[in-house]
Amino acid sequence: MIKLKVNGRTRTFKGAPFTRLIDVLREELGLTGTKEGCGEGECGACTVLVDGAAVCSCLIPVCQADGASVETVESLGTPEKLGALQEGFLKEGGAQCGICTPGMLMSATGWLRRGGGADAASLRCAIAGNLCRCTGYQHIIDSVVSSVKGRKRARR
Amino acid sequence: MTPAVGTNVLRKEGPEKLTGRALYIDDHKLPGCLFGATLRTTIPYGRLKRLVFDPAFPWKECVVVTAKDIPGKNEVALIEHDQPILVDEIVRHPMEPIALVAHKSRARAYEALKHIQAEYEPLDPVLTMEDSLAVKQAIFPPSNVFKDILIQKGDLESGFTQAEVVVEGEYRVPWQEQAYIENNGMAAWVDKDGTIVVLGSMQCPYYVHKSLAYAFGKPAEKVRVIQATTGGGFGGKEDYPSILAAHAALLAIKAKKPVKIIYDRPEDMAATTKRHPAWIKHRTGVTRHGKLVVQDVEVVMDGGAYMTLSPVVLSRGAIHAAGPYECPNVRIRARAVATNTPPNGAFRGFGAPQTLYAAELHMAKIAHTLGVDPLTLRRINVLKLGSSTATSQVLRESVGAEDVLERCVVKSGYVKRRIECAQHNRDPKSPAWKGVGLSLIYHGSGFTGAGEVMLASQAGVALDKDGRIRVLAASTEIGQGTITMFAQIAADALGLPVGWVDVETPDTSKVPNSGPTVASRTCMIVGELVRRACLDLKNDLATVVKGGVPRSEKELRRAASAVCGKAPSKEYIASYEKPREIVWDDKAYRGDAYGAFGYAAIVVEVEVDKATYEIKVDKVTSVFEIGKAVHPLLAEGQIIGGLAQGLGYSLMEDPVYRNGVMVNAQLTNYILPTSLDTPPMDIEILEKPYSHGPFGAKGLGELPMDVPGPAVAAAVFHATGRWIPELPILPEKILKAFSHDQAKG
């Protein structure tokens, strides 16, 4: 039996240990916010945080996450109460069709939490593993920058 | 009331998308749902002799569908009914669907496919445009030509007599994959009353509706098509969902259960539509000073194995093939031909990025031949108010070509940067060459020619008894901002806050047919219908509200109840009416091809590494004239995203075909621009209102796709002195151009 902490809640999985993490999240736990775009770790739409590190959940067998803490987009906020990063995306046009958005949000969350730079050049590196076909990335970068500024303002 | 149009109201469906709550088709849980998988052909051309089912496999667990199970006609209803839903005898391309399997486990459905053997009698395929034109095999008898278009203006012969300099050029563009991050997917089930329902990722619910009713022999009201949240389209979900919906419905009918088919990336990339490859030849006569005298253009596009949308893609490509310039003598001949490859289809720009790439790079070549700057050449010939286009359309209003060109030149410092880069290139110690390229395009908004009249679109607004206002249109939100933009237009037309307006889900049982979500038409054409319908609702409200306009939601509720009476809601529907001055002759291919054009100019700066020939885009400056930006932030998002796709088309996206099928059908080796490949872009929007667009708006979505290709190619020429007349411009091609020059000594 595999034990995971998903979005702060302890969950168990009794299926095949090599089931992909994305399938466990989407099909067993009903967390469909995590998206599959390519199934080979190229597009990053399935990005989640495993013990704080941004990883492609389509490449990770669930057994590899045994005992780990997994965070998905569902942990960041709700439509009624968006998180700061989500607010930034809403205000600056960071989401268009929205399919890459959960992965983008998780990559950016992992990056900022580890103390990664919040300037445009650093952020372009931070999300280089997440493909977006709609935005040309500029508004995504603006969104993250704006959310960080917003948070700093709130702290003052 | 502060107007909503022209402001950046928050994206209406944004919060759901940002929290994982938005339900894309693969996220929908349907009770008892089976998963469908598709058996596909592996040869480009031949006869399907039989299907052999492995007797050792437990077929009882599965539902299997072949062509024999199709109750109506085995035809996808599009322009021509030449494409079967499932192959019954003749195979016309690789990856063509032959059989469908459904199973309650997704993995087992795919496993089952491995236990079906298709036996073929192969025929000699036609795999290139050249072989198709030479009729190596008549795969679309007699000539293999799906559509042949001739546009004529003035007199070609006298034009070439007057010309002082003649410049020729030949250009090629490849396929391009739409590469939406959500693959195609569809679910289907049958309601208790026998209605076939499909729910899925799509751009055009009524296209799917029409083809399902036809294939299943059902009356319109017994077919219901609902759009799920859709993860990008770019044209790739324009016609393909029709065949996919038929597959899901066939399985659901036979299984008597809901069935979902979700393609994986390799299947989606290899089987579904792509941008048409094309070759384009230009022969242009000019005066010594650069005035265009005559343009002779030949266009050939590869339609793939079935007609699908090729005639209309070709039409848009042909009409834009002369570029945004005035020339008295023009001939454009364009043909779309058949090959034994998967059908090519819609992709943002719809034929125009191909022909505009050639037209604009050819302008750079003419300028070079004459020894004038490409900017000067464009200034001499650019379309102005009162100019006449290649189809002899006289531009009567909202002509922004000169404006975008001049603004972009100033904003980018084009003139100074051209000189600086030329100076830089004289330094032999520098590791890279630098270049600056310019391009200017126009793009018609809405369906071509009589297209909008034939579509006869309808859209409207409903007022529910409880005071809810719903915009009614089948135009889909695929990321571009349809929902938000409709709400803004409706709110301002009604004089009410934008937060009071909802937009109904595109569901054929709830919304009228506002036409397909394509051709930069959703805002300009459908938005105007929404605006007009709202004016009728506004008039009704005025009769029951003191002061004419409800000032609170409570007042609106009271008014709604008075307007609706006993009915649960009242609908106001507007139908498309052709502006009187638009006249198009489809036989002669002459006249007002579009109600209005949008305009864009771009200046691109590149660096080319002298050792590796790697190309880096340093700077992009682009200016757009779109009538009115209903939502400036969304408009800018469309522009930057479209330019990024155009940069991908210019520099890296390269589908490799072998034996009629794409062999790099993965995101591992079909390279898309990442955040590091995409430079920051400096964008500006200009507004010259169009009288028939809502609040002056024209089309926008496709414009940005047209501009980067020729500008990048021109910049590479400026940097290296080498013409690379074929996209994508890969380092290998530059190397080849240099080696070729060396070989020549």
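So you know, we letter chains A, B, ... as the sequences are listed, proteins then strands, and number each from 1.
Taking all atoms of both residues into account, the shortest heavy-atom contact from B/Y24 to A/G98 is OH-C, 3.1 Å. Summarising the geometry of A/R124 relative to B/T678, their closest heavy-atom pair is NH1-O, 2.7 Å, with the distance given to 0.1 Å. In terms of heavy atoms, A/V73 sits closest to B/G20 at CG1-CA, 4.0 Å.
Residues A/Q96 and B/Q638 have side chains in contact (heavy-atom distance under 4.5 Å, counting atoms from C-beta outward).
Looking at A/E80, only its side chain comes within 4.5 Å of chain B, counting heavy atoms on both sides. Neither the backbone nor the side chain of B/M269 comes within less than 4.5 Å of any heavy atom of chain A. Contact annotation for A/E40: only side-chain heavy atoms (C-beta onward) come within less than 4.5 Å of a heavy atom of chain B. In this structure, chain A has no heavy atom under 4.5 Å from any part of B/D264. For chain A, the nearby part of B/A22 is the backbone; its heavy atoms alone come within less than 4.5 Å. Within the 4.5 angstrom heavy-atom criterion, only side-chain atoms of A/E42, from C-beta onward, approach chain B. If you measure heavy-atom distances from B/T230 to chain A, the contacts under 4.5 Å come from the backbone alone. Proximity to chain B (any heavy atom under 4.5 Å) is shown, for A/A95, by both the backbone and the side chain. Looking at A/L82, only its side chain comes within 4.5 Å of chain B, counting heavy atoms on both sides. Residue contact with chain A, scored on non-hydrogen atoms closer than 4.5 Å, involves the backbone and the side chain of B/Q666 alike.
Rounding to the nearest 0.5 angstrom, the gap separating the CD1 atom in A/I99 from the CD1 atom in B/I478 is 13.0 Å. The OG1 atom of A/T78 sits 6.0 Å away from the CZ atom of B/R21 when rounded to the nearest 0.5 Å. Taking CD1 of B/I640 as the start and CD1 of A/I140 as the end, the distance is 11.0 Å to the nearest 0.5 Å. Between the SG atom in A/C38 and the OH atom in B/Y670 there is a gap of 15.0 Å [rounded to 0.5 Å]. In this structure, the separation between CZ on A/R133 and CD on B/E182 is 15.0 Å, given to the nearest 0.5 Å.
The most heavy-atom pairs under 4.5 Å with chain B, out of A/I141, A/I127, A/N130, come from A/I127. The most heavy-atom pairs under 4.5 Å with chain A, out of B/S675, B/G232, B/G648, B/P673, come from B/S675. The most heavy-atom pairs under 4.5 Å with chain B, out of A/G39, A/C134, A/G93, come from A/C134. For chain A, the option among B/L18, B/L643, B/N8, B/L676 with the highest count of heavy-atom pairs below 4.5 Å is B/L18. Between chain B and the options A/C97, A/C125, A/A121, A/G33, heavy-atom pairs under 4.5 Å are most frequent for A/C97. Most heavy-atom pairs under 4.5 Å with chain A: of the set B/A179, B/A644, B/P679, this distinction falls to B/A179. Ranked by non-hydrogen atom pairs under 4.5 Å with chain B, the options A/A45, A/P79, A/G136 are led by A/P79.
With salt bridges taken as basic N to acidic carboxylate O contacts below 4.0 Å, none links A/K35 and B/D26. The existence of a salt bridge linking B/R106 and A/E36 is excluded, since no basic side-chain nitrogen approaches an acidic carboxylate oxygen closer than 4.0 Å.
Under a cut-off of 6.0 angstrom, the local environment of NZ in B/K619 is crowded, with over 12 non-hydrogen atoms contributed by other residues, nucleotides or ligands. Taking a 6.0 Å sphere around NZ of B/K411, one finds it holds more than 12 heavy atoms contributed by other residues, nucleotides or ligands.
Under the 3.5 Å distance criterion, the side-chain polar atoms of B/R11 are left unmatched by any main-chain donor or acceptor of A/L90.
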Determine, step by step, whether B/L633 and A/K91 satisfy the side chain to side chain contact (heavy atoms under 4.5 Å, CB included) criterion, reporting the C-alpha distance in whole Å, the side-chain angles of both residues, the deciding distance to 0.1 Å, and the verdict.
CA-CA 9 Å; B/L633 182 70; A/K91 219 174 70 206; over 6 Å; no
Using the rule given for side chain to side chain contact (heavy atoms under 4.5 Å, CB included), can you reason through B/T674 versus A/L131, listing the C-alpha separation, both sets of side-chain angles and the distance that settles it, and then say yes or no?
CA-CA 6 Å; B/T674 69; A/L131 292 174; 3.9 Å; yes
